[in-house]
Amino acid sequence: MKRFSWIAFIIATLLHIYGTSLIYGAGMRMDRALLNGQPEQHVLLLETLTWIWLPIPMLLKPLFPMSFFSPPYFLYAVLSWSLVVGVCFGYVMPSIIRWRRHNT
């Protein structure tokens with residue numbers, strides 16, 4: 001009986017890092033548009049996606065000064081959260097596969 005799936009861990013971690021980079025890029029584009037005087041577009045959607053995708057780094061954001069969320073520290077916080085998501089999927093996927101095989 002397999003308890004941890006390295007393949008699920010790697011795939012989930014890489015997908016989470018990719019999704020985080022997409023959300024981070026969208027936030028940067030939104031900030032650039034606001035600085036150029038363009039109207040706000042999809043701000044609520046971006047905030048909602050950020051809270052769903054990165055709940056722990058977003059909860060830690062008010063507790064630390066802005067220097068915590070400068071690029072190197074923010075990168076460490078987001079990378080560690082991606083690793084946590086990968087570990088969770090690494091443990092959950094073998095159980096889901098085993099449950100699916102048992103029900104068929």
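These values consider heavy atoms only, across backbone and side chains, with no hydrogens, waters or symmetry-generated copies.
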Are more than 12 heavy atoms, taken from residues, nucleotides or ligands other than I7, located less than 6.0 Å from that residue's CD1 atom?
no
CE on M30 to CG on L35, rounded to 0.5 Å
10.0 Å
To the nearest 0.5 Å, tell me how far W53 CH2 sits from I23 CD1.
6.5 Å
In this structure, OG1 of T13 is separated from CG of L79 (nearest 0.5 Å) by 9.0 Å
Residues forming a side-chain hydrogen bond (donor to acceptor under 3.5 Å, both in side chains) with S5, sequence neighbours excluded
none
Would a hydrophobic clustering, with Ile, Leu, Val, Met, Phe, Trp and Tyr connected at side-chain separations under 4.5 Å, put W51 with V78?
yes
Test question: given the 4.5 Å side-chain rule for I, L, V, M, F, W and Y, name all other residues clustered with Y91, or answer none.
F4, W6, F9, I10, L14, L83, V87
Flag yes if L15 and L22 sit in one hydrophobic cluster, no otherwise; membership is Ile, Leu, Val, Met, Phe, Trp, Tyr, and two members link when side-chain heavy atoms are under 4.5 Å apart.
no
Same cluster or not: are I56 and L49 linked, directly or through other Ile, Leu, Val, Met, Phe, Trp or Tyr residues, by side-chain heavy atoms under 4.5 angstrom apart?
yes
Shortest non-hydrogen contact between A26 and L46, atoms and distance:
CB-CD1, 3.8 Å
Going only through I, L, V, M, F, W and Y residues with side-chain contacts under 4.5 Å, is there a path from Y24 to V85?
yes
Closest non-hydrogen atom pair, H16 against S82:
ND1-OG, 2.8 Å
Working to the nearest 0.5 Å, report the span between CD1 of I11 and CZ of F89.
11.0 Å
Report the distance from atom CZ of R29 to atom CD of Q38, rounding to the nearest 0.5 Å.
12.0 Å
I52, L45: one ILVMFWY side-chain cluster at the under-4.5 Å cut-off?
no
